[in-house]
Trainee: 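Here it is, the structure, as structure tokens.
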Amino acid sequence: MNLFEVYQINPIVITKARGSYVWDDQGQQYLDLYGGHAVISIGHTHPHYVKRITEQLNKIGFYSNSVIIPLQAELANKLGKISGREEYQLFLCNSGAEANENALKLASFHNGRKKIIAFKKSFHGRTSLAVAVTDNPNLLAPVNQTGNVIFLPLNDEAALEACFRAQGEEISSVIVEGIQGVGGIHESSASFLQKISSLCQQYGALFIADSVQCGYGRTGKFFSHDHAGVNADIYTMAKGMGNGFPVAGILISPKIQARQGMLGTTFGGNHLACAAALAVLEVMESENLMQNAASIGDYILSELKTIPELQNVRGRGLMIGFEPIEEWKDLRKNLLFTHRIFTGEAKPNTIRLLPSLALRKKDADEFLESIREEIHAPATEELK
Ligand SMILES: Cc1ncc(COP(=O)(O)O)c(C=O)c1O
């Protein structure tokens, strides 16, 4: 049987991984600054993670939500503390799209409304509502066209206010990434997030913070929206939550009441998924990974800004984007095939860095040195 070919694939077979490195089937080592799309949060095959999952698997891997799963409460408590949202409620599912799907649906259940505000260049996933609020017509099948989504320019407070003034009573929710990932590392400004928060409160709409890519400590705070000092009504999480184990969830404000049957899932919150998610939080805490993400991220950002061939160096923590000038448009390819460094991309020519939050300074230096070597720029004193 053939695979359904929907991916652009690098001709590389990865057979081993550790920390911020992976190895291919020829034994070639690569530095991983992509993390399988922002998924590897605590580093590949972290010993505590492997141990916790292995021990759990030897006890019980799965049972459905028809019985008590104490690991779920343990995870909720830990998430509440680390995110500073102990009064919120947790619903567990399996992927980022599913988290957003549930969040949008929950908002609509809560206020009985249909319209959603989303933003240009957003990406929220590929299931029916998640893709409807994604600003990419190529991903939208005719069946996904609801007519209920209003796309506004990101960071345009006047447009947002005008939209609420005109149809505020119909708006169910506003969904926004703290930093757009797939869209190319574009940060929502603090004042824009504050405006979303206040307009949502004023008009009875819900503020959904898509933290699937920018959340889980990647920017130095648990949610990147926290840099704006606002509280969203629902936070959606996935990617880094399981360090590769498929687990996702939504944090739900106490003002939203659960009712039986409102949301549901077979796999969500199973024993193994909770063990993986707990292991991730335990390592984040014991190794101070949020602080590490902030400081190594600052270091990479400031070093990249000294290289004139790289334009629009931007981002926060370990979520960084930049564009090489036209002459170096093959930089990403050369980093992979010459220097053996994985990076991410965003169309048309952004290089995205989404490494593990445990990235060390010496790994960052290896990357910076490779870039400088590649574009023949003179090395700084420190890197000589
Ligand atoms: C911001 C954001 N939301 C949602 C998703 C969808 O997540 P998943 O692929 O796990 O469904 C992604 C995936 O890249 C994302 O970047």
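Position 1 is the first residue of the sequence; numbering continues from there. Hydrogens, waters and symmetry mates play no part in the numbers below; they use all other heavy atoms, side chains included. All ligand and atom numbering here is 1-based and tracks the order in the structure.
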Trainee: Identify, for atom 16 (O) of ligand 1, the protein heavy atom at the shortest distance, and state residue, atom and that distance.
Mentor: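 Result: Q213 NE2, 2.8 Å.
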
Trainee: Sort out for me which residue in T306, I300, L301 forms a side-chain contact (heavy atoms from CB on, under 4.5 Å) with L304.
Mentor: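 Looking at T306, I300, L301, the match for L304 under the side-chain contact (heavy atoms from CB on, under 4.5 Å) is I300.
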
Trainee: I'd like to check whether E177 has a polar contact with ligand 1, where a contact means an N/O of the residue lying under 3.5 Å from an N/O of the ligand.
Mentor: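 Among all N and O atoms of E177, none is under 3.5 Å from an N or O of ligand 1.
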
Trainee: Report yes or no: do E98 and T127 form a side-chain donor-acceptor pair below 3.5 Å?
Mentor: no

Trainee: Any atoms of ligand 1 less than 4.0 Å from a non-hydrogen atom of D210? List them with their elements.
Mentor: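 Taking each heavy atom of D210 in turn, ligand 1 has 1 (C), 2 (C), 3 (N), 4 (C) under 4.0 Å.
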
Trainee: In terms of the angle between their ring planes, are F192 and F119 parallel, tilted or perpendicular, with boundaries placed at 30° and 60°?
Mentor: perpendicular

Trainee: Quick check, are the ring centers of F207 and Y235 under 6.0 angstrom apart?
Mentor: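 Aromatic pair excluded; centres sit 6.0 Å or further apart.
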
Trainee: Distance under 4.0 Å to a non-hydrogen atom of H37: what atoms of ligand 1 satisfy this?
Mentor: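 Per the distance check, 14 (O).
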
Trainee: Below 4.0 angstrom from a heavy atom of S95, which ligand 1 atoms are there? Numbered from 1 as shown, please.
Mentor: 10 (O), 11 (O)

Trainee: Which of the atoms in ligand 1, numbered in the order shown and given with their element, are less than 4.0 Å from a heavy-atom of N100?
Mentor: 3 (N), 4 (C)

Trainee: If you group Ile, Leu, Val, Met, Phe, Trp and Tyr by side-chain heavy-atom gaps below 4.5 Å, do V39 and M319 land in one group?
Mentor: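 Unlinked, V39 and M319 end up in two clusters.
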
Trainee: So Y34 and H37, would you call those rings parallel, tilted or perpendicular, with 30° and 60° as cut-offs?
Mentor: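 Plane angle over 60°, so perpendicular.
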
Trainee: Heavy-atom contacts under 4.0 Å between A97 and ligand 1: side chain, backbone, both, or neither?
Mentor: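 Both parts.
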
Trainee: Check if R126 has a non-hydrogen atom at a distance under 4.0 Å from any atom of ligand 1.
Mentor: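 Heavy atoms of R126 never come under 4.0 Å of ligand 1.
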
Trainee: Could you identify the single nearest non-hydrogen protein atom to atom 9 (O) of ligand 1 and state the distance to 0.1 Å?
Mentor: K239 NZ, 4.6 Å

Trainee: Considering only protein heavy atoms, which is closest to atom 5 (C) of ligand 1, and at what distance to one decimal place?
Mentor: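 Sorting protein heavy atoms by distance from atom 5 (C) of ligand 1 puts V212 CG1, 3.7 Å first.
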
Trainee: Using a distance-only test with no angle check, is there a side-chain donor-acceptor pair under 3.5 angstrom linking R85 and N231?
Mentor: yes

Trainee: Side chains of Y203 and N111: donor-acceptor distance under 3.5 Å anywhere?
Mentor: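 Checked: Y203/N111 side chains show no N/O donor-acceptor pair below 3.5 Å.
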
Trainee: Before signing off on this row, confirm whether E98 and ligand 1 have an N or O atom pair separated by under 3.5 Å.
Mentor: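 The answer is no, given that E98 and ligand 1 share no N or O pair closer than 3.5 Å.
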
Trainee: Checking a contact table here: which protein heavy atom is nearest atom 7 (O) of ligand 1, and how many Å away?
Mentor: G96 CA, 3.3 Å

Trainee: Below 4.0 Å, non-hydrogen atoms only: which portion of Q180 touches ligand 1? Side chain, backbone, both or neither.
Mentor: neither

Trainee: Under a 4.5 Å side-chain heavy-atom rule over Ile, Leu, Val, Met, Phe, Trp and Tyr, are I117 and V149 clustered together?
Mentor: no

Trainee: Measure the distance from atom 2 (C) of ligand 1 to every protein heavy atom, then report the residue, atom name and distance (to 0.1 Å) of the closest one.
Mentor: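 The closest heavy atom on the protein side is F123 O, 3.4 Å.
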
